[in-house]
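Naming: A, B, ... by sequence-line order, numbering from 1 per chain.
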Amino acid sequence: MPSQDILVIGGGPAGLEAARSIADLGYRAILVEKRDRLGGTPDEAGYAALTPDLRNAEEAMNEMIARVQNNPNVELHLGATVVDAKGQAPDFTVTIKNAKESKQVNVGAVIICTGFQHFDPGRETQKYGYYEFPDVITLVDCEKMLKAHRVVRPSTGEPPERVCFIQCVGSRDRRIGNEYCSKVCCGIASKEAIEIKQQLPNAKVFIFYIDMRMYGYWENEIYWPAQEKYKVNYVKGIATEILQRDGKLLVRGEDTTMRRPFEIPMDLVVLSVGMEPSAGTREMAKIFGLKQNKYKFIETIGGALDTVSTTVPGVFAAGACTGPADLEDSISAAGLAAVKAISTVRQAETVKA
Amino acid sequence: MSYVPVEEIIKSQKTPGFKTTPEEAPTEDFHDILFQLEKEGELIVQRVPEPYLEVPTKYGRKKKIPLQKTWHHKSCGQCGHIPGYSTSIFWINRKLGFDYIDPRDQTSCTAWNYYASATSNAPAQAAVAIRNFSSAYETGYFPIIHCGTSFGHYKEVRHELLHHHELRRQVRDIMERLGKKLVLPEEIVHYSEWVYAIRDRIAEHQVIDMSNITATVHPACHYHKLVEEDAVYDPEIYGAQRTAIVTGTLKALGINVKDYSTWFDCCGFGFRHILVSRDFSRSFAVQRKIEVMKEEVNPDVTVTHDTGCVTTLDQSQFAARAHGRKVGIPVMSDSQIAALAMGAHPYKVLQLHWHNTDNKPFFEKLGIDWKKKWQEFEEAVEKIKSGEKEYLTWEDADA
Amino acid sequence: MRRPIAQSRIVRKILLTGARITSEMLEEKAGGIPGGWGKPPTARQELWHQALPAETRSAAEPIWQIDPATLKEMFFIWKITGVLDQLALVDPILADVCNQILEEQLEEAGFKVD
């Protein structure tokens with residue numbers, strides 16, 4: 001039977017915003033999240049501050065969660081996943097499973113917000129030694145340190161004197177099959193570089209980059225302050241390998257401005273890992289029969305003017321499950337997906353009447 | 001703010017190591033296309049003979065390695081540089097009782113010519129490859145490639161053939177005129193993968209203790225940098241972060257493998273360089289490889305698995321030595337080290353007299369009386385010289 | 001003009017030494033490498049080639065043995081895929097010599113090249 005309820009899959013920023021928008025407009029959202037708590041990747045990975053405004057991530061996510069958690073128009077399923085879907089808009093029958101039981105729900109439209117996962121630097125074999133050297137970490141690991149106010153070398157527990165970021169790890173790389181730019185890493189690395197300087201004013205911080213992609217206002221909000229106020233050194237050129245020597249990490253690469261190779265000792269190396277579709281994104285694409293692009297992100301079919309419609313009518317996708325996205329993009333797309341999902345169930349209601 | 005042990009959290013996160021998952025492989029599985037084309041009658045696929053062994057590859061897929069019934073595609077650079085590289089492979093086969101063919105119906109892959117001079121083209125290279133594969137298929141024995149270059153090149157040829165209908169048609173036409181078929185083996189196997197796959201068996205037959213030996217490894221560029229997805233990567237060795245080839249074999253023999261910072265670099269051979277700019281090759285081999293190993297590890301031996309790498313690393317040290325530089329690391333293939341561990345004769349089988357760098361200290365450390373062994377070889381050569389024997393036979397080699 | 005040197009070395013060797021790129025490195029005439037064995041052991045090399053247990057050893061030649069018919073099959077492939085035409089673009093004299101050898105051999109083997 002056609003339903004006016006809307007299923008939202010994923011309780012991260014996009015899912016929370018979609019559920020809230022649906023509820024605010026007087027419809028009912030059924031929100032399914034596989035973890036036992038809401039907040040998505042910012043919560044799971046322990047982000048310290050949001051990009052670009054450096055707002056406390058926990059505080060910001062708690063606000064989003066509060067709008068959904070006790071909302072009478074939102075039915076929450078935590079620790080649950082969607083395991084099956086049948087039917088078509090506005091009459092989908094979806095099976096939701098948790099540790100104890102399976103339950104079928106009838107919904108008129110679906111919004112998928114299953115997001116991304118961070119690139120595993122182990123796949124960049126032979127280059128950066130993430131699993132080999134304790135002092136090679138990722139942006140995500142660095143967020144944890146910043147949040148705890150303990151930026152240290154994992155090998156010694158001591159604060160580093162020299163830190164560098166290596167950009168485009170798992171992005172813009174044909175060899176590993178990820179030719180795309182992950183959009184956010186330049187901004188996040190610069191933001192983390194600022195935070196490191198705030199916490200360790202004497203540390204020297206470097207960023208090795210192909211080109212810095214600072215979208216829109218990020219240029220003024222992060223890039224210039226990082227250089228001018230916090231004295232972060234930006235070096236154009238990609239680091240090609242990391243070695244361990246005399247208790248330090250030796251970063252080798254090529255400075256493409258100076259046109260010469262470099263070898264620089266570092267205490268801590270942060271790999272700016274990019275985005276890949278999460279396991280949930282790949283799974284939902286399969287269950288709902290959605291077309292995926294070559295990188296396995298869910299493909300949206302509306303080009304620039306409709307960023308949320310998928311190949312299946314009534315199923316929408318928002319946020320980083322459709323490709324690399326920053327928070328601003330994800331939240332905007334979630335609102336749009338909510339409107340389009342409501343429009344789908346309303347049209348069905350009108351036709352029926 | 002409360003204390004958070006972030007370093008412990010991050011370390012424990014890394015502890016399980018990197019997990020390869022075939023689903024996340026950035027490349028297609030060529031088998032899917034290979035078997036589809038076989039179904040469509042476009043080509044014949046020669047299956048890996050049973051019983052085969054399986055080894056893990058870069059993205060967590062499995063590669064089948066034949067145990068025996070192998071057809072040995074020799075390297076055109078070995079015969080005059082390091083023939084013991086091949087004789088050691090054959091000797092191991094014989095010692096383990098494996099059936100194999102050392103064919104005469106095999107040509108050079110001609111890839112060196114192709115890469116270094118560009119006077120060849122895709123149909124020519126593919127036809128030479130398929131002629132060789134077809135010859136192997138006719139014998140019922142499975143091809144195993146001795147040379148890193150041929151191995152890498154054949155995998156590139158396979159890629160081209162699987163994706164280009166027109167090239168398949170051209171090659172099929174040429175094969176027809178030669179009375180042959182378009183045959184591709186189910187796997188393109190490098191001999192060092194076979195050595196790796198049977199390393200435990202080799203270790204079971206080990207008669208020389210090598211636990212006091214320290215070695216460095218040079219993985220051949222054409223082994224792990226060309227069509228890299230079906231090179232051996234094993235979570236047990238380097239956490240699957242670099243190829244396990246050679247290193248896994250040496251570890252099974254109890255050898256202490258040590259790391260050096262330029263392991264990823266080329267040996268210096270570099271194709272064109274060795275031909276048109278040999279001094280560059282020599283300098284690179286010495287300065288970027290041998291001297292770095294010497295300074296960082298000071299190994300007893302360095303081990304690799306390609307013709308060009310063994311010869312370049314070995315035969316580049318003489319000039320530096322003349323200039324009083326810090327060189328002098330014996331260079332061998334994994335097949336030579338494995339055969340030696342199993343008791344093969346250093347000159348009759350390993351043919352180490354063709355090698356250039358002084359390896360006597362290495363033998364002395366192993367407790368092998370190289371003077372006695374050299375005398376045995378000289379006696380065998382005398383018999384050939386006097387006409388008493390025409391060749392050195394396998395029986396002579398073990399005498 | 002370095003390229004022709006490179007290719008003439010390889011093409012000539014593959015053609016004239018039995019489809020093998022062979023070593024000259026130990027030979028005195030090639031400006032060889034006096035290694036751990038003192039003087040270049042050119043005289044002994046012929047014997048060393050016979051002192052190899054591999055069945056495809058080739059007495060007196062630094063090559064693996066190859067069937068003449070196999071070699072001609074490879075010549076045939078080179079001829080009809082235009083490898084020698086490509087060679088002619090960079091080294092016409094060498095290409096002429098190679099062509100002559102190839103044509104004789106292929107005719108002898110009964111291959112039609114057109």
(message) Using heavy-atom distances under 4.5 Å, tell me whether B:T243 contacts chain A through its side chain, its backbone, both, or neither.
(response) backbone
(message) Run the side-chain contact (heavy atoms from CB on, under 4.5 Å) test on A:E132 and B:R242 for me, step by step, so that the C-alpha distance in whole Å, both residues' side-chain angles and the decisive distance to 0.1 Å come before the verdict.
(response) CA-CA 11 Å; A:E132 214 171 331; B:R242 62 173 102 159; 3.6 Å; yes
(message) Just to be sure I understand the criterion: a residue of residues 289-298 of chain B counts if one of its heavy atoms is under 4.5 Å from a heavy atom of chain A. Which ones qualify?
(response) B:E296
(request) Any chance you could measure B:K11, atom NZ, to A:D141, atom CG, to the nearest 0.5 Å? (result) 13.0 Å
(request) Could you check A:Q244, A:R252, A:E241 and say which one makes a side chain to side chain contact (heavy atoms under 4.5 Å, CB included) with B:S261? (result) A:R252
(message) Let's test your reading of the structure: which of A:R282, A:R153, A:E276 forms the most heavy-atom pairs below 4.5 Å with chain B?
(response) A:R282
(request) Look up atom OG1 in B:T21 and atom CZ in A:R123, then write down how far apart they are to the nearest 0.5 Å. (result) 7.5 Å
(request) Sort out for me which of B:K19, B:E8, B:E23, B:H224 touches chain A most, counting heavy-atom pairs under 4.5 Å. (result) B:H224
(request) Under 4.5 Å heavy-atom distance to chain A, tell me which part of B:A240 shows up: side chain, backbone, both or neither. (result) backbone
(request) Return yes when atom NZ of A:K296 has more than 12 non-hydrogen atoms of other residues, nucleotides or ligands closer than 6.0 Å, and no otherwise. (result) no
(message) Check this for me: A:E299, atom CD, are more than 12 non-hydrogen atoms of other residues, nucleotides or ligands nearer than 6.0 Å?
(response) yes
(message) Quick check on A:E58: does its CD atom have over 12 non-hydrogen neighbours (other residues, nucleotides or ligands) under 6.0 Å away?
(response) no
(request) Check side chain to side chain donor-acceptor pair (under 3.5 Å) between B:D306 and all other residues, then give those that pass, not counting sequence neighbours. (result) none
(message) Can you tell me how far apart CH2 (B:W263) and CG (A:L243) are? Round to the nearest 0.5 Å.
(response) 10.0 Å
(request) Would you mind checking which part of A:R245 comes under 4.5 Å of any heavy atom in chain B, side chain (CB onward), backbone (N, CA, C, O), both or neither? (result) side chain
(message) Atom NZ of residue position A:K34 - does it have more than 12 heavy atoms of other residues, nucleotides or ligands inside 6.0 Å?
(response) no
(message) List the residues meeting salt bridge (charged side-chain N to carboxylate O under 4.0 Å, His left out) with B:E54, not counting sequence neighbours, and say none if there are none.
(response) none
(request) Measure distances from A:Y295 to the heavy atoms of chain B and classify the residue's part below 4.5 Å as side chain, backbone, both or neither. (result) neither
(request) Please check if the side chain of A:K144 supplies one atom and the backbone of B:I10 the other of a donor-acceptor pair under 3.5 Å. (result) no
(message) Is it the case that the side chain of B:E7 and the backbone of A:S155 share a donor-acceptor pair, with hydrogens and angles ignored and the cut-off at 3.5 Å?
(response) no
(request) In sequence, state the C-alpha distance, the side-chain angles, and the governing distance for A:H149 and B:V6, and then conclude on side-chain contact (heavy atoms from CB on, under 4.5 Å). (result) CA-CA 10 Å; A:H149 280 254; B:V6 276; over 6 Å; no
(message) Once rounded to the nearest 0.5 Å, what's the spacing between atom OH of A:Y130 and atom CD of B:Q13?
(response) 5.0 Å
(message) Does any backbone or side-chain atom of B:K14 lie under 4.5 Å from a heavy atom of chain A? Answer side chain, backbone, both or neither.
(response) both
(message) Only heavy atoms, only distances under 4.5 angstrom. Which residues in residues 227-238 of chain B are near chain A?
(response) B:E228, B:Y233
(request) Count the heavy-atom pairs under 4.5 Å between each of A:V151, A:N178, A:I176 and chain B, then report the option with the highest count. (result) A:I176
(message) Given heavy-atom pairs under 4.5 angstrom as the criterion, report whether the side chain, backbone, both or neither of A:K127 touches chain B.
(response) neither
(message) Strictly distance-based, threshold 3.5 Å: is any side-chain N or O of A:R150 a donor or acceptor partner for the main-chain N or O of B:Y3?
(response) no
